[in-house]
Each structure stands twice: as C-alpha cells, then as structure tokens.
Amino acid sequence: MHRRPPPTSVRSILALASIMLASCAHQRDPQAGMPHLLRFMPPADDAEVVYLTAAAEGRLVYEDQCFKLKVHGQPPRTIIWHSHFRGVDHNGTPGVVDGLTGTSARAGDRIRLGGGGVDAIGDNIEDRAHAERCGGPYISANTLIVPTR
C-alpha cells in the first residue's frame with residue numbers, strides 16, 4: 001500500500017514548529033543579565049502570613065551584586081526582598097520590581113521600604129551564602145514606594 005505525503009500546508013506548519021522549538025532551545029537565560037536579588041523563600045500555600053510594615057526611607061544602591069538601602073548617617077543595610085520581587089535591568093541600571101503592584105525602582109532612586117529589620121538571616125533565604133557575602137545589617141522589604149522622581 002502506498003502512503004501519501006502530508007499536504008504542503010501541514011509540512012510547512014511542522015517545519016515552522018520545529019524551527020521555533022530549536023530557536024527556543026538556544027536562547028540565553030532571560031535572567032542572566034538581571035541584577036541578583038536576595039529574597040525570602042515563598043511561604044507554603046497553606047501558610048498564614050503576617051508582615052510587619054515598619055518603614056525605612058533612603059537611597060537604593062547596588063554594589064557587589066547586593067541591593068542596599070543607604071540612609072544618611074547610618075551604615076548601608078542589605079535588602080532582603082520578599083518573594084514577589086524580581087530584579088530588572090533599566091537600560092543598564094539594576095533595579096527591582098514588585099510583582100504584586102508593578103512598582104519599580106532603580107539604583108540611585110530614593111525609596112521607602114515597608115518590612116522591618118532583620119537581626120540575623122536564617123534558612124528562609126533563597127541564597128543564604130550570597131546574603132552572607134553581602135553582609136549585614138539587613139532589612140526586610142515587603143512593600144516598595146518610590147516618591148516622585
């Protein structure tokens with residue numbers, strides 16, 4: 001029995017799909033150029049979560065792959081972001097965006113953080129070794145407010 005080849009349109013669609021899959025396999029990691037964020041691990045789905053919202057205001061800086069809050073007259077505090085934040089690149093300037101509100105800030109901006117102080121880092125940090133390299137004092141960031149630029 002002789003088998004007919006698929007119609008030309010089907011072959012074209014299959015060829016296009018295989019090209020698209022191959023191109024996806026060779027793309028670079030989209031997070032490769034993004035600034036590193038120290039983040040708390042996401043809470044368990046069934047966890048009740050309560051956040052403290054003490055505010056701290058200062059300038060956001062990014063040095064040695066660490067976001068820090070600089071407040072006049074105080075040592076810079078390494079920021080540990082809650083899990084809904086992600087690092088972004090603002091045309092070559094490292095920044096951060098709140099995945100819940102869409103609020104974003106870049107290094108150099110004056111910001112206000114809600115969260116509170118962190119006396120010591122624990123096992124609930126995604127990249128604890130990096131947090132230790134950044135060094136304390138630490139501050140927790142659950143909310144981000146950027147006063148008008």
Side-chain angles (χ1 to χ4, degrees), residues 10-149:
V10 173
R11 283 189 299 219
S12 297
I13 292 171
L14 291 173
L16 181 59
S18 65
I19 290 169
M20 290 172 64
L21 284 173
S23 69
C24 289
H26 294 290
Q27 287 183 350
R28 70 181 186 92
D29 177 8
Q31 290 286 7
M34 294 296 121
H36 189 83
L37 274 188
L38 296 173
R39 297 187 323 170
F40 289 102
M41 290 183 201
D45 290 337
D46 61 346
E48 290 187 34
V49 180
V50 177
Y51 296 112
L52 299 175
T53 55
E57 191 168 333
R59 189 156 311 278
L60 181 65
V61 297
Y62 189 71
E63 50 191 36
D64 300 323
Q65 296 187 333
C66 304
F67 279 104
K68 296 189 178 210
L69 182 68
K70 282 197 174 180
V71 177
H72 182 70
Q74 297 179 12
R77 291 182 274 175
T78 298
I79 303 169
I80 302 178
W81 305 90
H82 282 254
S83 59
H84 57 274
F85 286 91
R86 63 180 165 65
V88 293
D89 183 320
H90 290 284
N91 298 319
T93 302
V96 63
V97 65
D98 182 334
L100 299 177
T101 66
T103 303
S104 68
R106 60 187 137 216
D109 286 349
R110 286 203 62 75
I111 62 170
R112 186 175 307 128
L113 297 176
V118 177
D119 291 330
I121 54 174
D123 293 335
N124 62 339
I125 306 296
E126 286 183 345
D127 189 348
R128 185 175 177 169
H130 190 91
E132 289 172 347
R133 283 192 302 276
C134 292
Y138 300 97
I139 187 169
S140 166
N142 182 46
T143 60
L144 171 66
I145 298 170
V146 181
T148 308
R149 287 184 176 113

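No side-chain heavy atom of Gln65 sits under 4.5 Å from any side-chain heavy atom of Pro94. Between Lys68 and Ile139, every side-chain heavy-atom pair lies at or beyond the 4.5 Å cut-off. For the pair Leu69/Leu60, no side-chain contact is recorded, criterion being any heavy-atom separation below 4.5 Å from C-beta on. The shortest side-chain heavy-atom distance between Val71 and Arg77 falls under the 4.5 Å cut-off.
Note that the CG atom of Leu144 and the NE2 atom of His82 stand 12.5 Å from one another [nearest 0.5 Å]. If you take CG on Asp127 and CD1 on Ile121, they are separated by 9.5 Å, rounding to the nearest 0.5 Å. Rounding to the nearest 0.5 Å gives a distance of 10.5 Å between SG of Cys66 and CD1 of Ile79. Note: Ser104 OG to Ile111 CD1 = 11.5 Å, rounded to the nearest 0.5 Å. Interatomic distance, Arg133 CZ to Thr78 OG1, rounded to the nearest 0.5 Å: 12.0 Å.
Residues Pro137 and Pro75 come closest through the heavy atom pair CG-CG, 4.4 Å. Residue Val146 comes nearest to Ala105 through the heavy atom pair CG2-CB, 3.7 Å, listed as atom of the first residue, atom of the second, then distance.
Taking the six-membered ring where the residue is Trp, Trp81 and Phe67 present perpendicular rings, their angle passing 60° and hence far from 30°.
Although no hydrogens or angles enter the test, the distance criterion places a donor-acceptor pair under 3.5 Å between the side chain of Arg59 and the main chain of Gly108. Counting only distance, with no hydrogens or angles, the side chain of Ser140 and the backbone of Val118 share no donor-acceptor pair below 3.5 Å. Listed for the His84 side chain is a donor-acceptor partner under 3.5 Å among the backbone atoms of Asn142.
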